[in-house]
Amino acid sequence: MAESMASFLMENLDELLSCKRDLIREEEDQIAWLYKDLQLLIAFLKDLQIKFKDQEAAKNLEARIRDVVYEAETAVDLFVVKTVLKDEEEDNMITKLMKKIGILGKFGYGRSLNLGHVKKEIKAIKTEMNEMYDRRTCGVQTCTSGIDQTSDNSDEVIIAQISDDTDEYTRSLFRLHGSCDGYHGHPNYHFKLLRVLHSSFSSKSCWIEEQLVLLRYLDLEMHLVPHEYTPAHYLPASISNLLNLEILLVSAKCDFDFYLPHGIRKMVKLRHVRITGPRGNIFIGSPENLVDYPSCMDNLQTLSWINPWSCTDVLARSPNLRKLGLQVSLCGSTYGRSSLLPNLDSLNHVQELKVYTNFGSGHNLGRTKFPPNLAKLTLKGTRLCSGDMLTLANSLPNLEALKLSRMSLKGSCWEASGVFPKLKFLKFTSLQIVWWIASSEDFPSLERLVLEQCYRLRKIPFEIGDLLTLKMIELHECNPSLASSARQIKEEQESQGNNGLQIKIIKWSMEGRAQLELELLLLNLKQLLVYNADLISGVKEQVESHYNELSMLKAFLKDSTEKRSEYEIVKELVRQIRVVVYEAEDVIDTFGVHTSLQKARSGFSKVIHVIDYPGKLRIVAKEILSIRIGVDDLYRKQSFGFRVIQQQAGEKSGRGSPDKKAPLLRVLEMRSISLPVFPVKMKELVHLRYIALHGDFEILPASISYLWNLQTVIIETTSRTLKVEADIWKMLQLRHFFTNASSHLRGPPTNAWKSGKDPLVRRNLQTLSTISPESCTEDILARTPNLKKLGVHGKLRTLMEEKGGSSLFDNLTKLDHLVTLKLLNDTFPDRPSSGSLPPLYKFPPNLKKLTLADTLLDWEHMASLGILPKLEVLKLKDNEFKGERWEPLDGGFRLLRFLQIGRTDLVHWEGSSHHFPRLHRLILKHCESLKAVPSGLGDVSALQIIEVYHSSHTAVASVKQIQTQKQQGLTFNQPKLVIYPPE
């Protein structure tokens with residue numbers, strides 16, 4: 001906890017030192033000092049987890065570090081706020097509030113940064129740290145002074161803290177930072193006889209001297225320079241000269257590709273190489289001529305995490321490789337390849353393989369030839385289907401351990417039809433499957449089954465109980481129903497004479513369980529309000545109020561889980577939330593049951609309600625209000641690290657300016673009230689990361705551009721259009737921009753590219769929704785290369801029409817990362833007219849989700865949409881297509897899982913299972929002319945949900961016929977029907 005808080009503060013200081021020097025010019029030395037000491041504290045906190053984990057003194061010291069980080073953060077934040085407000089009058093609203101709550105009295109009102117108490121506390125902490133290292137008795141010598149210079153040939157490992165008298169004969173240097181005083185960024189030059197080096201550098205200052213030829217172990221932590229775009233990061237080529245190096249460990253957190261020098265191929269003594277941190281691909285550089293390098297790296301046993309396509313020659317040169325970690329993070333690295341990985345069947349000695357990827361659609365892992373003697377396999381993000389797992393089982397006869405992590409399987413069901421003959425250990429982590437079908441024949445040697453955070457999985461296959469080899473079932477924070485199925489398996493085992501099966505259940509923490517219970521209640525309330533409002537007609541307004549209030553408490557539960565939930569005040573609030581959730585659920589459920597019984601009775605047999613349900617709900621509302629007051633008080637005092645403040649619906653004073661709360665806000669959620677104008681004091685909240693407002697806005701003012709920390713902007717307005725005067729190109733941290741209106745964006749300056757490198761490219765920006773068609777210019781979209789979600793709202797004819805052989809839609813073609821696109825036609829006050837779609841090649845290449853509305857297309861255009869290669873979700877809103885007949889073409893919609901059809905005049909819809917082979921969910925709304933849903937959809941094995949709202953009776957009857965057809969076919973997946981209004 002303390003480590004994460006200190007890291008968060010370091011990120012803020014990084015930004016101030018690199019991007020906001022004009023704000024801190026007078027106090028830059030103090031902030032640089034604080035940044036440097038935080039590095040030391042973080043290194044010590046990491047050591048605590050390893051060397052002093054169970055010592056009471058270490059726990060007390062960690063608490064002191066946590067408190068001093070809080071104090072330093074508050075002091076720096078207040079200094080920034082006061083600097084931003086230096087042109088305002090001293091007695092403005094924020095100043096009065098700061099004086100009133102005593103903040104200024106504690107930290108001083110002057111504009112200087114007061115870190116006096118922080119410095120004293122950090123100095124005391126560092127003294128105690130040194131004493132703890134001196135007291136260590138675990139067999140490792142601690143050196144803070146000179147060492148015997150006669151021991152040049154000794155291989156003894158000495159851990160040396162950095163001090164002025166550490167000399168050049170030190171063998172091992174621990175936790176060396178590139179910014180240490182006196183070494184000018186290259187401290188390793190002074191220690192020529194090092195065998196072991198663990199150091200921390202920035203990406204610009206990292207340098208390994210060639211004189212360290214005796215180095216055996218190198219552990220580097222690379223801290224990348226913030227706010228500077230670099231398409232790739234490189235490990236210095238000088239590492240290739242460390243020919244005696246045996247172990248290389250590198251940790252580098254970055255969002256882009258990372259490169260190892262090609263000279264690593266000549267380091268024949270290397271035994272273990274492990275690179276962690278980069279989200280992109282990790283490559284080994286390619287030399288001009290491979291002949292110049294040794295033909296074999298016999299000693300290499302461990303290599304991870306590497307993009308396999310960059311090092312096929314290294315894999316071929318490493319016959320004794322035992323552990324291999326492969327990470328494929330960008331589609332471009334496998335472009336044109338049919339398989340996610342190259343063939344690995346030549347690696348006869350590989351025992352353990354880990355494969356991580358953040359994509360998987362369109363690539364087949366099952367085609368890969370795996371190492372023949374593979375015993376342990378870990379998969380994450382591979383999105384394999386049941387067929388791929390069958391291929392995997394057949395190709396790995398010696399597999400003993402299989403770990404399936406997040407997104408390793410796709411779909412809601414895994415049918416384990418393959419046989420893993422030697423598998424002893426099986427682990428699921430955060431899988432989204434609902435059903436798991438397996439028999440004892442699939443895992444005949446299974447000894448241990450571990451399920452972690454599988455909250456959707458309903459049960460463990462009962463057939464597992466036939467395995468007499470099973471010794472342990474572990475459940476970690478899983479769906480409670482899994483516990484009962486595990487106990488049933490234990491009973492089955494005991495009936496067969498096996499009393500050795502153990503069941504280990506780790507339940508949710510108090511906060512986690514409360515969060516789960518609250519989410520389930522909110523889900524039930526939403527279903528009541530949307531689908532069964534007639535059951536709560538007498539208390540609907542109260543239920544809506546409870547839903548809104550409880551939704552806000554959900555954010556607090558998430559905060560308490562991530563931050564300081566060990567405090568008694570937080571535990572008490574969590575306990576109160578659980579109690580009120582139970583009470584609300586009981587009252588609402590009982591009222592719904594009574595209402596259903598009343599409707600089922602005849603006129604004379606109806607029973608008068610003797611329970612005052614509205615009164616009971618008012619009591620629940622008072623309890624919720626009491627909890628909200630406690631939560632708001634917790635946030636207001638900034639206790640326990642909470643920095644989120646939510647504006648209550650009842651606080652509608654003045655113009656709704658949020659500055660009445662505090663100047664240190666991180667999150668501002670005010671959509672529960674309607675603001676007549678945009679808050680005028682908004683620019684003073686310079687620490688905001690998230691802002692959500694609702695009101696009668698027609699303009700987003702330029703003042704919001706001053707909030708340089710903003711990452712998410714959500715604006716809900718009653719206006720059809722929103723003029724964005726704010727300069728989003730100045731907002732370096734902006735990731736998500738949401739509005740419900742057609743937003744007109746300002747383009748960047750016309751001379752932005754004159755320097756040769758465009759400084760206005762915003763690679764952090766992932767969401768723009770919704771913007772006007774006129775805003776889809778090359779100047780804007782070319783500067784958002786990593787855009788993932790785009791919504792366009794307005795006259796789409798402007799977007800589609802060609803001028804001079806090109807159209808504005810052509811600019812979307814270059815958005816390689818775009819996966820979600822909304823095209824909402826709005827011709828108000830004119831009626832919408834028939835439109836057309838651009839050619840297939842102009843759509844973004846990786847599009848997965850498409851929403852269309854009010855374009856009045858002919859159904860023939862569906863053939864074009866069906867050819868989109870990666871389309872999984874298609875939402876056709878009202879008046880999207882016109883015409884009485886739709887006949888899908890063969891070969892389309894191969895990956896489509898979700899189809900929604902809104903208001904339309906469609907009468908005849910013809911189709912079969914091969915037109916929608918993977919359809920999972922079908923939604924029809926206001927299809928009042930549709931005669932029938934194609935009966936062929938009953939043959940789609942993946943179909944699970946059909947929802948029909950306000951559609952014709954014949955369409956409803958056809959849907960019921962499909963369900964009957966599936967039931968008679970005795971298929972496993974019986975589709976769930978949702979029909980409204982109910983018949």
Side-chain angles (χ1 to χ4, degrees), residues 522 525-526 529-530 541 544-545 547-555 644-661 665-683 685 688-705 707 709-726 728 731 734-746 765-773 775 787-794 820-826 828 849 851 853-854 875 877-878:
L522 290 174
L525 294 183
K526 186 175 182 179
L529 291 169
V530 176
E541 292 184 359
E544 288 179 343
S545 176
Y547 180 85
N548 295 331
E549 293 290 331
L550 291 171
S551 298
M552 295 182 180
L553 292 182
K554 178 182 174 182
V644 180
I645 295 183
Q646 295 170 324
Q647 187 86 358
Q648 295 187 34
E651 295 175 350
K652 298 184 179 180
S653 58
R655 301 176 69 178
S657 296
D659 59 357
K660 296 180 181 180
K661 282 289 183 181
L665 290 177
R666 260 50 171 194
V667 176
L668 183 63
E669 170 61 72
M670 294 180 64
R671 282 179 291 177
S672 59
I673 62 175
S674 181
L675 302 175
V677 294
F678 201 87
V680 294
K681 297 288 186 178
M682 187 65 66
K683 67 177 182 179
L685 306 180
L688 274 180
R689 264 72 169 174
Y690 174 102
I691 180 174
L693 302 177
H694 172 74
D696 303 327
F697 310 133
E698 296 182 357
I699 296 176
L700 189 63
S703 59
I704 203 170
S705 306
L707 307 180
N709 285 309
L710 262 184
Q711 297 179 2
T712 301
V713 177
I714 302 176
I715 304 296
E716 295 180 359
T717 175
T718 57
S719 174
R720 303 182 72 90
T721 60
L722 181 68
K723 183 179 180 181
V724 181
E725 294 184 351
I728 65 172
M731 304 167 72
L734 188 62
R735 297 182 182 180
H736 307 288
F737 181 81
F738 293 95
T739 67
N740 63 335
S742 178
S743 303
H744 297 268
L745 300 182
R746 290 177 54 186
L765 197 59
Q766 300 178 22
T767 304
L768 281 177
S769 182
T770 57
I771 62 175
S772 65
S775 300
L787 202 65
K788 295 181 179 179
K789 296 182 180 180
L790 174 64
V792 183
H793 184 188
T820 301
L821 176 62
K822 293 183 179 180
L823 300 176
L824 311 178
N825 192 31
D826 186 356
F828 182 84
K849 300 179 181 180
T851 301
D854 286 323
K875 296 182 181 181
K877 300 290 187 177
D878 291 352

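Everything numeric here is computed off the predicted structure, so don't read it as measured data. The first residue in the sequence is number 1, and the count goes up from there.
Between Ile728 atom CD1 and Leu710 atom CG the span is 12.0 Å, to the nearest 0.5 Å. Rounding to the nearest 0.5 angstrom, the gap separating the CE atom in Met670 from the CG atom in Leu693 is 6.5 Å. How far CD1 of Ile771 is from NE2 of His793: 12.5 Å, rounded to the nearest 0.5 Å. Of the inter-residue distances, the one linking Lys875 atom NZ with Thr851 atom OG1 reads 5.5 Å to the nearest 0.5 angstrom. One finds the CD atom of Gln711 at 6.5 Å from the CZ atom of Arg689 (value rounded to the nearest 0.5 Å). To the nearest 0.5 Å, atom NE2 of residue His744 and atom CG of residue Leu722 are 8.5 Å apart.
Ile704 is listed as a side-chain neighbour of Phe678, based on a closest heavy-atom distance under 4.5 Å. The side-chain heavy atoms of Asn740 and Thr717, taken from C-beta on, include a pair separated by under 4.5 Å. Inter-residue side-chain proximity for Gln766 and His736 is flagged as met; some heavy-atom pair is nearer than 4.5 Å.
Judged by distance alone, with hydrogens and angles left aside, the side-chain atoms of Arg746 form a donor-acceptor pair with the main-chain N or O of Glu725 at under 3.5 Å. Between the Ser743 side chain and the Thr770 main chain, a donor and an acceptor come within less than 3.5 Å of each other. Between the side chain of Ser775 and the main chain of Leu745, a donor-acceptor pair closer than 3.5 Å is present.
The salt bridge (Lys or Arg N to Asp or Glu O under 4.0 Å) test applied to Asp696 returns no partner, not counting sequence neighbours. With sequence neighbours excluded, no residue forms a side-chain hydrogen bond (donor to acceptor under 3.5 Å, both in side chains) with Ser719.
Within 6.0 Å of the CD atom in Glu698, the count of heavy atoms belonging to other residues, nucleotides or ligands does not exceed 12.
For the pair Arg720 and Asp826, the tightest heavy-atom approach, listed with the atom from each and the gap, is NH2-OD1, 2.7 Å. Of all heavy-atom pairs spanning Asn825 and Asp854, the tightest one is ND2-O, 2.8 Å. Tyr690 approaches Arg671 most closely through the heavy-atom pair OH-NH2, 3.5 Å.
Of the candidates Val724, Thr712, Ile714, Thr767, Phe737 forms a side-chain contact (heavy atoms from CB on, under 4.5 Å) with just one, namely Val724.
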